[in-house]
Participant: 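Okay, here's the structure, questions in a sec.
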Amino acid sequence: MNGSVASRAAQSVNETRLLDRHAQLASIGAIDPVGMNRQALTDADIEARRLVLSWAAERGYGTAIDDIGNMFIRRPGRDESAMPIVTGSHIDSQPAGGPFDGAFGVLAACEVLEALEDAGIVTERPVEVAVWTNEEGSRFQPTTMGSAVFAGQLPLVEALSATDTHGISVGDALERLFRELPIPDGRELRAPFAAYLEAHIEQGPLLESAGIPIGVVTAIQGLRWFTVRVDGETGHAGTTPRSRRRDALVAAVTMVGRLSQLMDDPGDVVRFTVGRFEVEPNSPNTIPGSVLFTIDLRHPDANVLAALGDQVDGICQANAFGCRVSVVETMNAAPTVLDAGISQVIRAAATDVGLEHMDIASGATHDAKYVALTCPAGMIFIPCRGGVSHTVLEFASGEHMVAGTRVLAATTAELALG
Ligand SMILES: [Zn+2]
């Protein structure tokens with residue numbers, strides 16, 4: 001690490017400013033008495049963006065916006081032709097969410113620019129804050145829309161035509177945003193970054209239970225979805241001997257039991273969920289004729305995810321009890337491995353700042369997942385209370401926000417210096 005400069009950036013993080021700004025941002029779209037409803041491209045989102053831009057204007061930073069509404073705030077570097085180090089997240093929320101998911105990463109990124117400024121650090125590369133559009137995907141689907149379009153993984157025209165439940169399209173909502181927030185500079189999609197950093201609340205319980213303030217995210221886990229349909233035969237519960245039955249429910253629960261055993265791992269890393277279970281005809285005195293259930297399987301390691309997911313069909317077929325079984329895979333999204341070099345810089349930054357850290361895989365998806373396809377990317381997690389998010393109870397402490405921001409500042413400074 002370029003110790004002294006990175007440390008100075010970290011030490012210049014101003015707790016009062018960070019927490020004041022958090023309170024200001026949290027007041028926009030606040031739900032009474034607690035919580036946040038600031039869905040993408042609503043009045044509240046526009047007002048929140050206006051607030052973030054006002055902080056940029058105080059420092060005279062340049063701002064730019066791209067065709068999907070992702071905003072960029074730029075602190076110049078010595079070499080303005082160099083690719084920037086970019087850090088950010090999102091400020092949209094779930095309809096009944098909290099003021100930390102996403103917002104923390106944008107606040108931390110803005111504070112990094114301030115800290116560099118206050119410490120009088122001139123970086124070689126420009127440093128930019130990114131505010132990604134519609135990460136949550138609650139008003140418009142899909143999730144992580146802005147970063148997906150940015151990274152070329154979702155066609156712009158497709159994103160623009162997505163509509164909310166009132167029939168308003170992303171295109172219409174964006175036109176309003178562009179009118180309300182005149183940002184003179186356009187930005188091309190896929191503009192190259194030297195590196196991308198995102199700070200975020202963990203949204204899981206691991207850091208809190210370990211009592212460790214900093215998570216160095218090594219991967220964002222992948223996901224496989226299956227729908228299993230089991231067709232047996234209905235019959236009278238009182239007259240049909242068990243030996244003559246083809247009971248779809250007995251077969252299905254046996255499958256779930258066997259799969260559940262398969263998914264047991266000593267590290268408790270595998271995520272296995274049967275979230276939907278439909279029984280027909282669902283009558284107390286009729287043998288269940290058919291069952292449909294879903295499987296949501298997640299793991300950060302592509303090989304483990306493949307090995308486990310590939311056994312689902314075989315286990316279901318082996319426990320059919322005479323029923324007809326069909327297993328359809330409806331989604332297969334590979335894990336995202338974050339950049340090992342950047343993770344190492346984050347670890348060194350945390351050590352430098354005097355904060356304990358641990359490696360962690362992200363259970364939730366993030367804008368970094370898509371940005372990582374375009375440049376080396378890293379993520380910094382801080383604990384959140386009870387591991388909960390997407391609820392009004394979501395909470396992260398000021399102490400942890402400051403800790404995460406200091407690590408982000410040191411990491412950004414280190415990467416932007418040379
Ligand atoms: Zn988020």
Side-chain angles (χ1 to χ4, degrees), residues 21-22 25-26 28-31 35-42 44-45 48-49 52 68-71 86-111 129-151 153-154 196-208 214-217 219-221 223 298 300 333 336 338 360-372 377-396 400-401 404-405 408:
R21 285 181 169 185
H22 178 255
L25 190 57
I28 303 172
I31 307 173
M36 176 59 59
N37 179 6
R38 194 168 59 220
Q39 295 181 74
L41 305 176
T42 56
D45 185 16
R49 287 166 178 258
V52 173
I68 192 68
N70 299 319
M71 303 197 310
V86 181
T87 174
S89 193
H90 61 95
I91 51 174
D92 67 311
S93 83
Q94 289 286 323
F100 300 91
D101 176 357
F104 164 62
V106 171
L107 289 159
C110 290
E111 182 58 29
V129 173
V131 181
W132 303 107
T133 296
N134 187 28
E135 192 274 349
E136 294 292 354
S138 52
R139 180 183 176 197
F140 301 108
Q141 288 80 51
T143 62
T144 52
M145 179 181 276
S147 49
V149 170
F150 170 84
Q153 300 298 306
L154 173 67
Y196 175 70
L197 299 168
E198 182 164 350
H200 207 283
I201 60 169
E202 182 199 331
Q203 304 181 267
L206 302 180
L207 291 173
E208 185 185 60
I214 299 295
V216 180
V217 183
I220 299 171
Q221 66 186 351
L223 164 72
R298 306 184 192 215
T336 303
L338 295 175
I360 190 168
S362 175
T365 193
H366 295 287
D367 292 307
K369 179 184 174 82
Y370 285 116
V371 184
M379 286 194 78
I380 298 164
F381 275 176
I382 61 166
C384 57
R385 190 164 61 199
V388 302
S389 66
H390 290 194
T391 141
V392 299
L393 300 175
E394 177 185 295
F395 177 80
H400 288 145
M401 285 200 283
T405 307
L408 181 67

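Starting from 1, each residue takes its place in the sequence as its number. Whatever order the structure lists ligands and atoms in, that order sets their numbers, starting from 1.
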Participant: Picking from Ile382, Val217, Ile360, what satisfies side-chain contact (heavy atoms from CB on, under 4.5 Å) with Glu202?
Facilitator: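 Of the listed options, the one satisfying the test is Ile360.
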
Participant: With 2.8 Å as the threshold, which protein atoms of type N, O or S lie near the Zn ion (ligand 1)? Leave waters out.
Facilitator: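 For the Zn ion (ligand 1), the protein N, O and S atoms that sit under 2.8 Å away are His90 NE2, Asp101 OD1, His200 NE2.
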
Participant: What is the distance from atom CZ of Phe100 to atom CE of Met36, rounded to the nearest 0.5 Å?
Facilitator: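 Here the rounded value is 9.0 Å.
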
Participant: What is the ring orientation for Trp132 with Tyr196, classed by angle as parallel under 30°, tilted 30 to 60°, or perpendicular over 60°?
Facilitator: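 The arrangement is perpendicular - the two ring planes meet at more than 60°.
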
Participant: Considering only heavy atoms from C-beta outward, does the side chain of Arg139 approach that of Asn134 to under 4.5 Å?
Facilitator: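 Side-chain contact under 4.5 Å: no.
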
Participant: Could you pull out the closest heavy-atom pair between His200 and Glu198, with the gap in Å?
Facilitator: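 Heavy atoms only, the tightest pair is CD2-OE2, 3.7 Å.
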
Participant: Are side-chain heavy atoms of Arg21 and Val106 found at a separation under 4.5 Å?
Facilitator: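 Not in contact.
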
